[in-house]
Amino acid sequence: VHSNSRGIGVGTILFEYIINWAKQEQIHRLELTVIENNVQAIHLYKKMGFEIEGIKKDSLQINDSYVNELYMSKLL
């Protein structure tokens, strides 16, 4: 979600749509990855029922620094 649209429910609406679509399609599992320092995104994902399954340490290099990547999932 673009920074100008954060904090007003856009992400929640998008996830509600995705989750409802996945249920209609009889999808059992949704999963995603997110960098560990993206606190706003992690908060949204947890609010939508995703749980952290694991951490991939130093998974990505961003601006000359290594960052951890979280693996998250939601069972439908």
Side-chain angles (χ1 to χ4, degrees):
V1 175
H2 190 275
S3 59
N4 293 341
S5 299
R6 289 186 193 138
I8 59 172
V10 174
T12 300
I13 292 168
L14 290 170
F15 265 95
E16 287 172 347
Y17 180 86
I18 291 165
I19 291 166
N20 287 332
W21 174 85
K23 287 178 180 178
Q24 289 175 355
E25 296 298 317
Q26 298 180 344
I27 294 172
H28 176 67
R29 176 184 168 90
L30 298 176
E31 56 188 49
L32 59 86
T33 64
V34 60
I35 57 174
E36 191 173 47
N37 61 357
N38 191 343
V39 177
Q40 280 185 303
I42 295 167
H43 176 76
L44 171 62
Y45 303 151
K46 286 182 174 181
K47 181 175 102 172
M48 300 310 300
F50 285 77
E51 297 179 356
I52 296 172
E53 290 189 327
I55 300 172
K56 188 174 180 183
K57 295 184 182 221
D58 290 349
S59 175
L60 303 167
Q61 186 176 11
I62 300 174
N63 298 327
D64 298 324
S65 296
Y66 289 98
V67 295
N68 296 339
E69 191 174 16
L70 301 180
Y71 284 82
M72 300 182 74
S73 71
K74 174 182 177 75
L75 299 179
L76 302 177

(request) Using the test side chain to side chain donor-acceptor pair (under 3.5 Å), find all partners of Glu51 that sit at least two apart in sequence or belong to another chain. (result)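 Here no residue qualifies.
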(request) For Glu31, check side chain to side chain donor-acceptor pair (under 3.5 Å) against everything at least two apart and list the hits. (result)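 Residues passing side chain to side chain donor-acceptor pair (under 3.5 Å) with Glu31: Arg29.
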(message) Are Met48 and Met72 linked, directly or through intermediate hydrophobic residues, by side-chain heavy-atom contacts shorter than 4.5 Å (ILVMFWY only)?
(response)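 Same cluster.
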Quick one: [atom1] on [X] to [atom2] on [Y], what's the gap to the nearest 0.5 Å?
X     : Y     : atom1 : atom2 : answer
Leu30 : Ile18 : CG    : CD1   : 8.0 Å
Leu44 : Leu14 : CG    : CG    : 9.0 Å
Ile27 : Ile19 : CD1   : CD1   : 11.5 Å
Glu69 : Ile55 : CD    : CD1   : 11.0 Å
Glu53 : Leu32 : CD    : CG    : 9.5 Å
Ile52 : Ile42 : CD1   : CD1   : 6.0 Å

(message) Please check: side-chain N/O of Asn68 versus main-chain N/O of Asp58, any donor-acceptor pairing under 3.5 Å?
(response)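 Indeed, once roles are kept as given, a pair shorter than 3.5 Å links the two residues.
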(request) Please lay out, stage by stage, how Leu76 and His28 fare under the test side-chain contact (heavy atoms from CB on, under 4.5 Å). (result) CA-CA 5 Å; Leu76 302 177; His28 176 67; 5.7 Å; no
(message) I'd like to check the ring pair (Phe, Tyr, Trp, His ring centres under 6.0 Å) partners of Phe15; sequence neighbours left out, ordered by chain and number.
(response)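 Phe15: ring pair (Phe, Tyr, Trp, His ring centres under 6.0 Å) contacts with Tyr45, Phe50.
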(message) Please check if the number of heavy atoms outside Gln26 that lie under 6.0 Å from its CD is greater than 12.
(response)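 Open.
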